[in-house]
Amino acid sequence: MKLATFNINGIKARIEALPAWLAAASPDVVCLQEIKSVDQAFPREIFETMGYRVETHGQKSFNGVAILSKLPLEDVTRGLPGDEADEQARWIEATVMAHRPIRVCGLYLPNGNPAPGPKYDYKLGWMARMEARARALLALEEPTVFCGDYNVIPQDADAARPELWTTDALALPASRAAFRQLMALGLTDAFRARNPAPGHYSFWDYQAGAWERNNGIRIDHLLLSPQAADLLTEAQIDKQVRAGDKPSDHVPVWVNLDI
DNA sequence: ATGTCCTTACCTTAAGGA
């Protein structure tokens, strides 16, 4: 099963690039972030025609996540537990009915800039809530994948120019500590596990010629439960998508699971 | 670290977010 994560930075703006990548890459399941659309406005027919089931958790203008799947989905839930007052659409879960069921969580972790400040407080609070949710899911000891835009550069090796990010919410020590704490629950960073060398990125800013200079960062991750990690055969970044027509500032990251 | 992009709205232009 090929499972991908892709921050598309707006479904309306990516209405051509996303189907083009789906047709070329043929993932079985894709978690999308930043759909920037309410559920009713999401162009689901385009993807249904391509053989995908479509589950969205959107909001107006900002954020919004979705799962596209060629396999049946069960028990779809929306929203990250732990704060009834949080109205930002950043979390969706579904059980993908592969040969063996696999729980997939699609997430768009808050950016947190500027830090310090209320946005950074929200980021750290959100990460604590995610850790609680991950802990509960991991206790089930089933194949589970947490994939999405984490807005965290885990290590200096995940940035072309780490010195540019030292005061940024994506790389501050507290952000990295919260990410490490999540990993310490027993998760495997799929891409890093299969590609230990530095120099692989999933995001290049639109500004200042970041793509042309390969000034990238790796912030889109698929974290695997032990039972999912046992199934991992391959993990890749579709870097060339960033050079395509009207690209997102992120590119797809995907894994193959032997399931 | 800002040479851009996306979305919305008091919509031929600015703002907020990233």
Side-chain angles (χ1 to χ4, degrees), chain A residues 5-21 31-44 46 56-66 80 86-91 106-127 130 147-154 156 158-176 178-179 201-221 238-253:
Chain A
T5 178
F6 190 6
N7 180 323
I8 56 173
N9 189 17
I11 185 60
K12 294 181 190 74
R14 231 55 65 201
I15 201 62
E16 293 184 7
L18 176 58
W21 172 72
C31 292
L32 301 175
Q33 301 87 41
E34 286 205 270
I35 64 173
K36 297 186 177 179
S37 166
V38 294
D39 297 333
Q40 310 88 278
F42 191 88
R44 51 189 310 127
I46 292 174
T56 60
H57 179 40
Q59 72 178 93
K60 195 180 179 71
S61 304
F62 309 119
N63 307 322
V65 289
L80 178 64
D86 184 3
E87 296 187 341
Q88 298 195 33
R90 296 177 174 276
W91 184 274
L107 64 110
Y108 176 46
L109 205 148
N111 177 296
N113 282 303
K119 290 188 175 181
Y120 193 58
D121 294 341
Y122 175 67
K123 177 177 194 156
L124 294 180
W126 200 96
M127 292 183 83
M130 178 177 169
C147 61
D149 176 358
Y150 282 71
N151 269 312
V152 174
I153 303 167
D156 279 357
D158 299 307
R161 300 185 59 192
E163 71 278 8
L164 299 179
W165 299 92
T166 54
T167 63
D168 192 285
L170 277 60
L172 281 175
S175 306
R176 288 182 167 176
F179 186 83
Y201 314 120
S202 65
F203 169 92
W204 295 260
D205 202 306
Y206 288 122
Q207 298 186 67
W211 168 247
E212 288 74 13
R213 294 164 190 248
N214 194 28
N215 179 14
I217 53 177
R218 193 174 70 93
I219 57 176
D220 299 274
H221 309 299
D238 280 349
K239 179 179 181 178
Q240 76 286 353
V241 171
R242 187 64 175 78
D245 290 336
K246 219 164 178 290
S248 170
D249 40 7
H250 297 250
V251 298
V253 184

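Each chain gets a letter, A, B and so on, in the order the sequences are listed, and its residues count up from 1.
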Ring geometry between A:Trp204 and A:Trp211 (parallel below 30°, tilted from 30 to 60°, perpendicular above 60°): perpendicular
Please identify each residue that fulfils side-chain contact (heavy atoms from CB on, under 4.5 Å) with A:Ala17, with sequence neighbours left out. A:Arg14
Between [N] and [M], how many Å separate the two [atom1] atoms, rounded to a whole number?
| N | M | atom1 | value |
| --- | --- | --- | --- |
| B:dT12 | B:dG17 | C1' | 23 Å |
| B:dG16 | B:dC10 | P | 14 Å |
| B:dT8 | B:dG3 | C1' | 25 Å |

Could you tell me whether [X] contacts a base, only the sugar-phosphate backbone, or nothing, with contacts defined as non-hydrogen atoms closer than 4.0 Å?
| X | answer |
| --- | --- |
| A:Trp165 | base |
| A:Asn7 | nothing |
| A:Ala13 | sugar-phosphate |
| A:Gly10 | sugar-phosphate |

Involving DNA chain B, stems made of at least three consecutive Watson-Crick or G-U pairs, both distances under 3.5 Å: B:4-9 with B:13-18
A:Asn63 and A:Gln88: side-chain donor and acceptor closer than 3.5 Å? yes
For the residue pair A:Asp86 and A:Tyr122, confirm or rule out a side-chain donor-acceptor distance under 3.5 Å. yes
Would you compute the distance between atom OH of A:Tyr150 and atom CG of A:Asn7 and round it to the nearest 0.5 angstrom? 13.5 Å
Just the rounded figure in Å: distance from P of B:dT4 to NZ of A:Lys246. 15 Å
What does the B/S/- profile of nucleotides 9-18 of chain B look like, 5' to 3', with a 4.0 Å heavy-atom cutoff to protein? S-------SS
Quick check: does any side chain N or O of A:Lys119 sit under 3.5 Å from a backbone N or O of A:Pro114, one acting as donor and the other as acceptor? no
Got a list of side-chain donor-acceptor pairs under 3.5 Å for residues 35-42 of chain A, not counting sequence neighbours?
residue: A:Lys36; atom: NZ; partner: A:Asn9; partner atom: OD1; Å: 2.8
residue: A:Asp39; atom: OD1; partner: A:Thr56; partner atom: OG1; Å: 2.8
residue: A:Asp39; atom: OD1; partner: A:Gly58; partner atom: N; Å: 2.7

Mind checking salt bridge (charged side-chain N to carboxylate O under 4.0 Å, His left out) for A:Arg242 and listing every partner two or more places apart, or none if nothing turns up? none
Mind checking salt bridge (charged side-chain N to carboxylate O under 4.0 Å, His left out) for A:Asp156 and listing every partner two or more places apart, or none if nothing turns up? A:Arg176
Closest nucleotide of DNA chain B for A:Pro247 versus for A:Gly209: which of these residues is on the 5' side? A:Gly209
Think A:Arg161 has a side-chain N or O under 4.0 angstrom from the OP1 or OP2 of B:dA1? no
